[in-house]
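Notes follow once the structure below has been shown.
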Amino acid sequence: DLNGVNSDRTLFILRGTVGSPGTTTITGIAGGTDGRLIVLKADALNFNMFIVNESANSLPENRLQFNQNPNQTENVNGYGSFTFVYVDSEQRWVLINREIL
């Protein structure tokens, strides 16, 4: 809910299930506005966060873009993050940084 209760937030921390390995896959993010910057941070040991490039599982305007290879994935395991900016001319969330800690 980027335009509702989270309209003032840029950092989203994902921890998965406490005490056990977890995985989440993100194919898109609704509510992008031009120039909006968000950080998705994995913050738990043995927690895998995958992002999917240009996934057909999300509406075009909600999709993540980080290269020219559709449906390729990138991930961080444990403590890491992805930073995206929404680009209106592309109508996509464009990956600008991937950090593995």
Side-chain angles (χ1 to χ4, degrees):
D1 188 14
L2 293 183
N3 296 322
V5 297
N6 294 313
S7 63
D8 62 338
R9 300 209 185 342
T10 57
L11 175 64
F12 296 88
I13 299 173
L14 305 170
R15 293 188 174 98
T17 304
V18 176
S20 65
T23 300
T24 192
T25 301
I26 300 169
T27 62
I29 302 166
T33 55
D34 196 38
R36 176 79 190 263
L37 184 76
I38 62 168
V39 178
L40 304 176
K41 180 172 178 25
D43 193 31
L45 189 63
N46 296 324
F47 178 69
N48 288 297
M49 179 171 48
F50 291 88
I51 60 169
V52 182
N53 184 61
E54 294 290 346
S55 175
N57 291 326
S58 287
L59 294 173
E61 65 272 16
N62 298 340
R63 292 181 185 168
L64 311 171
Q65 183 180 75
F66 52 85
N67 66 26
Q68 300 301 316
N69 186 359
N71 295 316
Q72 180 181 357
T73 63
E74 292 284 340
N75 79 299
V76 294
N77 182 2
Y79 302 95
S81 65
F82 294 106
T83 303
F84 292 94
V85 65
Y86 194 83
V87 179
D88 247 2
S89 62
E90 299 288 326
Q91 290 194 327
R92 298 289 190 273
W93 289 97
V94 176
L95 180 67
I96 58 173
N97 188 44
R98 174 180 175 230
E99 184 174 33
I100 299 173
L101 302 174

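- Here Asp34 pairs with nothing under the side-chain hydrogen bond (donor to acceptor under 3.5 Å, both in side chains) rule; sequence neighbours left out.
- In this view, Glu90 satisfies the salt bridge (Lys or Arg N to Asp or Glu O under 4.0 Å) rule with no residue, not counting sequence neighbours.
- Under the 4.5 angstrom side-chain criterion for Ile, Leu, Val, Met, Phe, Trp and Tyr, Leu59 has no cluster partners at all.
- Here the CD1 atom belonging to Ile26 is positioned 11.5 Å from the CG atom belonging to Asn75, to the nearest 0.5 angstrom.
- Residues Tyr86 and Gln91 have side chains in contact (heavy-atom distance under 4.5 Å, counting atoms from C-beta outward).
- Contacts of Asp88 classified as salt bridge (Lys or Arg N to Asp or Glu O under 4.0 Å), with partners at least two apart in sequence or in another chain: none.
- Evaluation of the side-chain hydrogen bond (donor to acceptor under 3.5 Å, both in side chains) rule for Glu74 yields Arg98 as partners, not counting sequence neighbours.
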Which pairs of donor and acceptor atoms, one on a side chain in residues 49-56, lie under 3.5 Å apart (sequence neighbours left out)?
unit_1	atom_1	unit_2	atom_2	d
Asn53	OD1	Phe66	N	2.7
Asn53	ND2	Asn67	O	3.4
Asn53	ND2	Asn67	OD1	3.1
Asn53	ND2	Asn69	O	3.0
Glu54	OE1	Arg92	NE	2.9
Glu54	OE1	Arg92	NH2	3.2
Glu54	OE2	Gln65	NE2	3.1
Glu54	OE2	Arg92	NE	3.0
Ser55	OG	Asn57	N	3.1

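- In this structure the side chain of Leu64 never reaches within 4.5 angstrom of the side chain of Leu95, judged on heavy atoms.
- By the side-chain hydrogen bond (donor to acceptor under 3.5 Å, both in side chains) test, Thr83 pairs with no residue at all, sequence neighbours left out.
- Across every non-hydrogen atom of Ala42 and Val76, the tightest pair is CB-CG2, 4.0 Å.
- Heavy-atom minimum distance, Ser81 versus Val39: CB-CG1, 3.9 Å.
- If you take CZ on Phe84 and OG1 on Thr10, they are separated by 14.0 Å, rounding to the nearest 0.5 Å.
- Taking 4.5 Å as the limit, some side-chain heavy atom of Trp93 sits within range of a side-chain heavy atom of Ile38.
- One N or O on the side chain of Ser58 and one on the backbone of Thr27 form a donor-acceptor pair closer than 3.5 Å.
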Take Tyr79 and Asp43, measure what side-chain contact (heavy atoms from CB on, under 4.5 Å) needs, and give me the verdict at the end.
-> CA-CA 5 Å; Tyr79 302 95; Asp43 193 31; 3.3 Å; yes
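- For the pair Ile29/Leu40, a side-chain contact is recorded, criterion being any heavy-atom separation below 4.5 Å from C-beta on.
- Other residues sharing the hydrophobic cluster of Val85, ordered by chain and number and joined by side-chain separations under 4.5 Å: Leu37, Val87, Val94, Ile96.
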